Amino acid sequence: MTRFPTHDKKLKEWVNKMAALCQPDDIVWVDGSQEQKLILQKEAISSGELIQLNQEKLPNCFLHRTAIDDVARTEHLTFICTRRRRDAGPTNNWMSPRTAYRKARAIFKGAMVGRTMYVIPFSMGPVGSPFSKIGVELTDSRYVVLNMMIMTRVGEAVLRQLEKEDKFTHCLHSKAQLDINKRLILHFPEDNTIWSVGSGYGGNVLLGKKCLSLRIAIYIARKEQWLAEHMLIMGIESPNGRIDYIAAAFPSACGKTNLAMLVPPDGLKKKGYRIWTVGDDIAWMRVDTDGSLWAINPETGFFGVAPGTNSQTNPNMVETIKKDTIYTNVLFKPDGTVWWEGADGEVPSEGIDWQGRPWKPGRLDAHGRPILGAHPNSRFTTPIANCPSASFRLEQHHGVPISAIVFGGRRQHLLPLVYETFNWQHGVFAGATMASERTAAQVGKLGEVRRDPMAMLPFCGYNMGDYFRHWLNIGRHMQKPPRIFHVNWFRSDEKGNFLWPGFKENLRVLEWIIDRCNNKVDAVKTPIGYVPRPQDIDMTGLELPKGTMDKLLEVREEEWAGELKEIKKFFKQFKKDLPAELWEEYENLASRLKSYE
Ligand code: GTP
Ligand code: SPV
Ligand code: MN
């Protein structure tokens with residue numbers, strides 16, 4: 001008989017019911033304690049789920065390898081299960097709840113035989129904050145438990161809060177056979193329930209993250225009049241000591257983590273800028289009584305992309321991941337440390353690759369492509385508290401006030417380095433028409449341009465037409481709405497080289513954004529929005545080839561014809577569910593472009 005550390009009847013009944021389905025040998029409640037964490041780590045090492053890394057060089061760090069076909073979110077196996085198909089909308093995979101439960105139940109049945117079922121009570125957001133939501137995840141993976149302990153607030157205090165609210169998101173996960181043909185990531189927003197089976201990869205199994213904090217939260221947020229978004233949150237402290245906060249939505253693997261903890265480039269450092277990191281992936285935002293938008297990061301950790309992380313691109317992250325970190329699918333070095341493509345230092349002469357095979361640099365696969373040491377979507381899980389730029393306002397129950405919302409995508413052509421939209425409605429249009437080239441964060445063809453409104457295409461738990469309408473409504477509730485901008489760090493020349501150096505230099509663009517918010521700088525009006533005058537981007541200490549800035553800021557009317565066509569095609573699929581305001585913005589843009597020389 002399991003002892004239940006809670007008197008909450010609904011919770012007890014649900015745990016019993018799920019245990020009856022999955023048939024674990026044992027049930028263990030996760031209390032968030034250090035003692036329990038050490039036991040779990042030890043067990044995970046002996047079961048092979050974790051490899052202990054060199055504890056002198058990387059204290060309290062571990063390595064995990066997933067199955068070879070389980071390395072990124074599998075969007076084609078991810079479903080929104082609402083009673084009406086219409087409520088999932090044209091951009092989501094839909095399954096009826098009845099079918100979904102039936103299919104998944106067959107896979108969950110007996111899936112935990114011979115295993116322990118862990119019960120993880122967790123809070124997204126500071127426990128007890130009006131922003132926060134509670135979930136309970138049941139899982140048979142120690143890797144999941146240890147990751148959740150980094151990414152969320154876990155333990156006793158959460159249970160007490162849950163008992164008060166008597167409401168929580170029911171999250172059930174089992175690795176089952178880790179079989180891609182028996183993998184389902186199912187969301188039941190009408191039941192406040194998530195069922196994930198057959199995977200061991202982060203975004204599919206850390207159910208507090210994308211599944212709860214976006215796909216389920218966005219559904220709750222519409223009812224409760226707030227926003228759940230795929231956004232980083234950062235504070236930019238100006239030389240005069242004022243901190244302006246921005247929230248920025250870029251699709252997966254398009255630079256949120258890097259921007260959120262940027263270290264000012266030397267030229268601007270002289271002015272005294274400082275960055276405060278609030279979050280790198282998810283923002284929950286509410287209109288407060290002062291009429292402006294306030295945001296929290298519901299998470300307590302980063303689940304960041306490893307490749308490309310080094311002291312040039314992201315020195316704060318390099319510092320953060322030196323301890324208390326779980327690495328997934330990176331290269332294991334003979335000295336018990338880790339490496340990935342684009343890491344600091346020399347390329348190691350040998351190691352064990354992410355698939356567990358002996359590795360040497362320079363080897364090619366059957367197609368003549370280099371065999372990578374780390375998977376392109378290899379990641380680390382690490383506590384925000386260890387980040388040198390962590391904001392002192394992370395635990396504040398009311399979050400931070402947002403001055404600007406920034407949308408951005410990975411676009412080789414067309415989109416200038418930055419532009420400001422004319423007003424909230426036009427800003428929503430800019431967000432709704434965002435597009436980006438596909439990255440390794442999701443399974444599929446790399447480089448293909450796809451529409452990814454507000455970076456939420458894979459995470460919008462209901463009809464996207466309704467989501468756009470909700471955004472328009474939120475704007476009407478604010479006396480002081482944030483200004484909305486669009487950035488593109490990835491514009492390229494004819495040869496495909498990036499025109500803009502990116503990373504820390506992006507602060508130069510953020511400076512312009514903040515100056516616009518504070519009415520300190522002029523701009524040039526173009527058909528798509530306001531772009532900077534070249535002289536208004538501070539280039540102290542950064543030299544670009546002559547003419548580059550003009551190319552970065554250029555709006556080329558002739559290129560926009562194709563884009564308009566694509567936008568129209570995208571909008572049309574929503575039929576009557578697309579708000580009329582967005583068609584109006586479309587027509588306005590088309591006519592502004594027509595009369596533009
Ligand atoms: P998710 O965790 O998947 O949501 O990704 P993310 O948006 O946090 O992306 P991240 O910051 O991890 O960056 C992903 C990739 O983009 C890395 O390979 C970076 O090297 C690259 N990147 C980030 N910022 C820039 C930039 O300013 N310019 C260029 N060219 N590349 C960048
Ligand atoms: C993303 O893909 O946007 C991520 C990683 O942040 S995952 O948790 O897998 O979704
Ligand atoms: Mn993300």
Side-chain angles (χ1 to χ4, degrees), residues 1-33 35-50 64 66-67 70 100-122 134-149 151-152 154-156 158-159 162 168-186 188 191-202 204-208 211-212 326:
M1 235 354 241
T2 320
R3 218 173 47 82
F4 281 38
T6 176
H7 58 72
D8 192 275
K9 206 160 149 256
K10 283 185 201 155
L11 175 57
K12 289 202 278 194
E13 279 175 11
W14 173 67
V15 172
N16 279 333
K17 205 168 147 194
M18 295 303 109
L21 171 64
C22 302
Q23 299 166 30
D25 286 10
D26 199 8
I27 300 177
V28 169
W29 287 70
V30 179
D31 60 14
S33 70
E35 299 77 56
Q36 195 183 33
K37 187 156 118 189
L38 291 174
I39 295 170
L40 283 163
Q41 287 173 345
K42 231 188 216 156
E43 288 175 359
I45 292 166
S46 53
S47 72
E49 282 168 280
L50 291 185
H64 172 78
T66 64
D70 194 19
Y101 282 127
R102 180 172 46 76
K103 282 197 175 166
R105 213 175 271 125
I107 312 174
F108 274 115
K109 197 170 173 203
M112 297 188 190
V113 171
R115 300 177 187 172
T116 298
M117 181 169 93
Y118 296 94
V119 184
I120 318 170
F122 62 93
I134 286 175
V136 179
E137 178 162 355
L138 309 179
T139 180
D140 54 5
S141 159
R142 292 186 192 87
Y143 170 76
V144 167
V145 179
L146 290 164
N147 273 277
M148 286 291 283
M149 287 174 82
M151 297 303 294
T152 73
V154 171
E156 292 288 321
V158 178
L159 272 185
L162 182 153
F168 61 94
T169 304
H170 308 69
C171 310
L172 175 65
H173 165 249
S174 172
K175 294 183 282 187
Q177 305 308 312
L178 291 176
D179 178 352
I180 192 166
N181 298 312
K182 290 183 181 167
R183 181 175 302 161
L184 289 169
I185 323 295
L186 306 173
F188 305 90
D191 302 340
N192 202 1
T193 293
I194 301 158
W195 279 17
S196 162
V197 69
S199 173
Y201 168 75
N204 290 338
V205 301
L206 308 179
L207 301 185
C211 301
L212 191 163
I326 301 173

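Remember, it's a predicted structure, so these values are computed and weren't measured experimentally.
Considering OG1 of Thr6 and CG of Leu159, their distance stands at 5.0 Å, rounded to 0.5 Å. Taking OH of Tyr118 as the start and CD of Gln36 as the end, the distance is 8.5 Å to the nearest 0.5 Å. Atom CE of Met112 and atom CG of Leu138 lie 6.5 Å apart (nearest 0.5 Å). The CG atom of Asp140 sits 11.0 Å away from atom CG of Asp25, with the distance rounded to the nearest 0.5 Å. Between the CD1 atom of Ile194 and the CG atom of Asn204 there is a distance of 12.0 Å, given to the nearest 0.5 Å.
For the pair His64 (side chain) and Glu49 (backbone), a donor-acceptor distance under 3.5 Å is present. Judged purely by atom type and a 3.5 angstrom limit, Arg115 has no side-chain atom pairing as donor or acceptor with the backbone of Ser141. Listed for the Asn192 side chain is no donor-acceptor partner under 3.5 Å among the backbone atoms of His170. The backbone N or O of Phe188 lies less than 3.5 Å from no partner atom in the side chain of Thr193, so there is not a single donor-acceptor pair.
Trp29 and Pro5 get closest at one heavy-atom pair: CD2-CD, 3.3 Å. Of all non-hydrogen atoms in Gly208 and Phe122, the two that sit nearest each other are CA-CE1, 3.6 Å. Minimum heavy-atom separation, Gly200 to Leu178: N-CD2, 3.6 Å. When all heavy atoms of Ile107 and Leu184 are compared, the pair lying nearest together is CD1-CD1, 4.0 Å. Minimum heavy-atom separation, Val205 to Glu137: O-OE2, 2.7 Å. Of all the heavy atoms in Leu206 and Met151, the pair that sits closest is CD1-CG, 4.5 Å.
Looking at Tyr143 and Leu50, their side chains come closer than 4.5 Å, going by heavy atoms from C-beta outward. Using a 4.5 Å heavy-atom cutoff, the side chains of Thr116 and Glu43 are not in contact. Side-chain contact check for Leu207 versus Leu212: every heavy-atom pair is 4.5 Å or farther apart. A 4.5 Å side-chain heavy-atom check between Cys211 and Ile185 finds at least one atom pair inside the cut-off.
Applying the salt bridge (charged side-chain N to carboxylate O under 4.0 Å, His left out) criterion to Asp31, with sequence neighbours excluded, gives no partner residue.
Crowding of Gln177 atom CD: a count of heavy atoms from other residues, nucleotides or ligands under 6.0 Å not exceeding 12.
Residues Asp70 and Ser199 bring a donor and an acceptor atom of their side chains to less than 3.5 Å of each other.
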Less than 3.5 Å apart, which donor and acceptor atoms pair up between the side chains of residues 10-23 and the rest of the protein, not counting sequence neighbours?
| residue | atom | partner | partner atom | Å |
| --- | --- | --- | --- | --- |
| Lys10 | NZ | Asp166 | O | 3.4 |
| Lys10 | NZ | Asp166 | OD2 | 3.0 |
| Asn16 | ND2 | Lys12 | O | 3.4 |

